[in-house]
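Note: hydrogens, waters and symmetry copies are ignored here, and every other heavy atom, side chains too, is used. One is the number of the first residue; the rest follow in order along the sequence.
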Amino acid sequence: MPTPSDRGVPPDGPPIEPIRVLRPRRTDALAELLKDLPPRPAVGYESIALPSGTEPATEELPPVRDHDRGRDRDVPRGRVPGLRRTAIAAAVTAAAVIGFGCALLLADRQESAAAAAPQPSATAPATPAPTPTASGATDPDGPGTLREGDSGPEVRDLQERLRHIPNVYDDGSTDGTYDATLTAAVARFQLWYGIRGDEDGVYGDDTRRDLESRTGG
């Protein structure tokens with residue numbers, strides 16, 4: 001809707017008429033309808049007199065004492081006083097009876113086992129005759145194993161083969177004696193070439209096989 005530029009001055013165009021007219025509603029239409037209804041007859045109530053002398057005599061209950069109230073509060077609902085003590089006493093009695101029965105059964109078993117045990121004979125058992133042993137002890141690393149303290153031509157052959165391996169037994173002795181120097185050289189050879197089948201410093205089957213393959217059988 002256009003507004004005039006100056007207040008108090010009527011616009012030049014025709015006045016704007018309202019499109020919709022709001023009218024107040026009549027709220028007393030329901031009251032007018034109720035007036036047309038016929039009046040309802042009044043409902044009366046009949047009074048009945050109570051008979052006298054027919055009510056039985058009542059007795060007054062004794063008052064509840066304070067300590068009885070406190071006792072009722074202490075006892076939880078759904079539990080009977082003394083039931084827990086009775087249950088504990090019954091459990092202890094049952095456990096004692098079961099333990100006594102187990103002790104009797106154990107004693108009977110021990111007596112029966114002692115009766116069934118064989119009695120020792122009067123004569124002493126004959127001692128078994130010792131079995132003959134082999135003259136020479138078997139080496140755990142296999143036959144032909146050399147270790148510190150051995151000597152002979154096999155030790156000399158080991159020394160000569162190790163001298164062909166670079167930086168293992170350079171300028172080592174070839175006197176045929178398995179000493180500490182030769183033990184260290186064998187252990188060094190086992191470590192450098194990954195030989196794990198024999199003990200460190202012991203010339204066993206695995207070390208012999210690897211050394212002979214490197215020094216020409």
Side-chain angles (χ1 to χ4, degrees), residues 76 78-80 82-217:
R79 295 186 180 180
V80 181
L83 182 60
R84 184 177 181 182
R85 295 181 181 178
T86 305
I88 293 176
V92 172
T93 305
V97 172
I98 293 174
F100 183 71
C102 292
L104 291 179
L105 291 176
L106 184 59
D108 293 341
R109 289 184 179 179
Q110 290 179 354
E111 292 178 359
S112 60
Q119 300 295 331
S121 59
T123 59
T127 45
T131 58
T133 57
S135 58
T138 304
D139 199 312
D141 294 327
T145 300
L146 301 178
R147 63 183 71 246
E148 186 174 356
D150 294 340
S151 60
E154 294 183 354
V155 177
R156 186 179 297 107
D157 180 71
L158 169 62
Q159 292 172 338
E160 292 176 357
R161 288 179 181 275
L162 285 178
R163 294 184 65 174
H164 291 82
I165 304 299
N167 302 324
V168 173
Y169 193 59
D170 294 342
D171 300 331
S173 175
T174 57
D175 57 355
T177 302
Y178 206 119
D179 53 3
T181 305
L182 183 58
T183 302
V186 172
R188 190 180 304 111
F189 174 75
Q190 293 170 340
L191 177 64
W192 288 1
Y193 293 93
I195 303 172
R196 303 180 182 274
D198 300 326
E199 299 180 11
D200 293 342
V202 177
Y203 188 59
D205 291 340
D206 295 339
T207 308
R208 181 190 300 272
R209 189 180 305 108
D210 191 275
L211 181 61
E212 289 180 354
S213 65
R214 296 178 187 276
T215 55

- Note on the structure: Here the gap from D206 atom CG to I195 atom CD1, rounded to the nearest 0.5 Å, amounts to 7.5 Å
- Message: Less than 4.5 Å apart, side chain to side chain, heavy atoms only: is that true for T145 and R208?
- Response: no
- Query: So, do L162 and L182 sit near enough that their side-chain heavy atoms are less than 4.5 Å apart?
  - Reply: yes
- Which atoms form the tightest heavy-atom contact between Q190 and V202, and what is the distance? NE2-O, 2.9 Å
- Item | Salt-bridge present (D205, R209; N to O < 4.0 Å) | no
- Query: Less than 4.5 Å apart, any side-chain heavy atom of T174 and any of R163?
  - Reply: yes
- T177 versus D175, closest heavy-atom pair with distance: N-OD1, 3.2 Å
- If a pair satisfies ring-ring contact (aromatic ring centres under 6.0 Å, His included) and one of its residues is in residues 172-216, list it, with sequence neighbours excluded. F189-Y193
- Is there a side-chain contact (heavy atoms from CB on, under 4.5 Å) between E199 and R147 once you walk through the steps? CA-CA 10 Å; E199 299 180 11; R147 63 183 71 246; 4.2 Å; yes
- Task: Sequence neighbours left out, what passes side-chain hydrogen bond (donor to acceptor under 3.5 Å, both in side chains) with S151? Give chain and number order.
- Result: none
- Query: Are any of the side-chain heavy atoms of D200 and T183 separated by less than 4.5 Å?
  - Reply: no
Would you be so kind as to tabulate the donor-acceptor pairs closer than 3.5 Å made by side chains of residues 86-102, with sequence neighbours excluded?
residue	atom	partner	partner atom	Å
T86	OG1	G82	O	2.8
T93	OG1	A89	O	2.8

- Message: Using the rule given for side-chain contact (heavy atoms from CB on, under 4.5 Å), can you reason through I165 versus L211, listing the C-alpha separation, both sets of side-chain angles and the distance that settles it, and then say yes or no?
- Response: CA-CA 9 Å; I165 304 299; L211 181 61; 3.9 Å; yes
- Query: With T181, which residues qualify under side chain to side chain contact (heavy atoms under 4.5 Å, CB included), at least two apart?
  - Reply: Y169, D179
- Can you name the residues that form a salt bridge (charged side-chain N to carboxylate O under 4.0 Å, His left out) with R156, not counting sequence neighbours? none
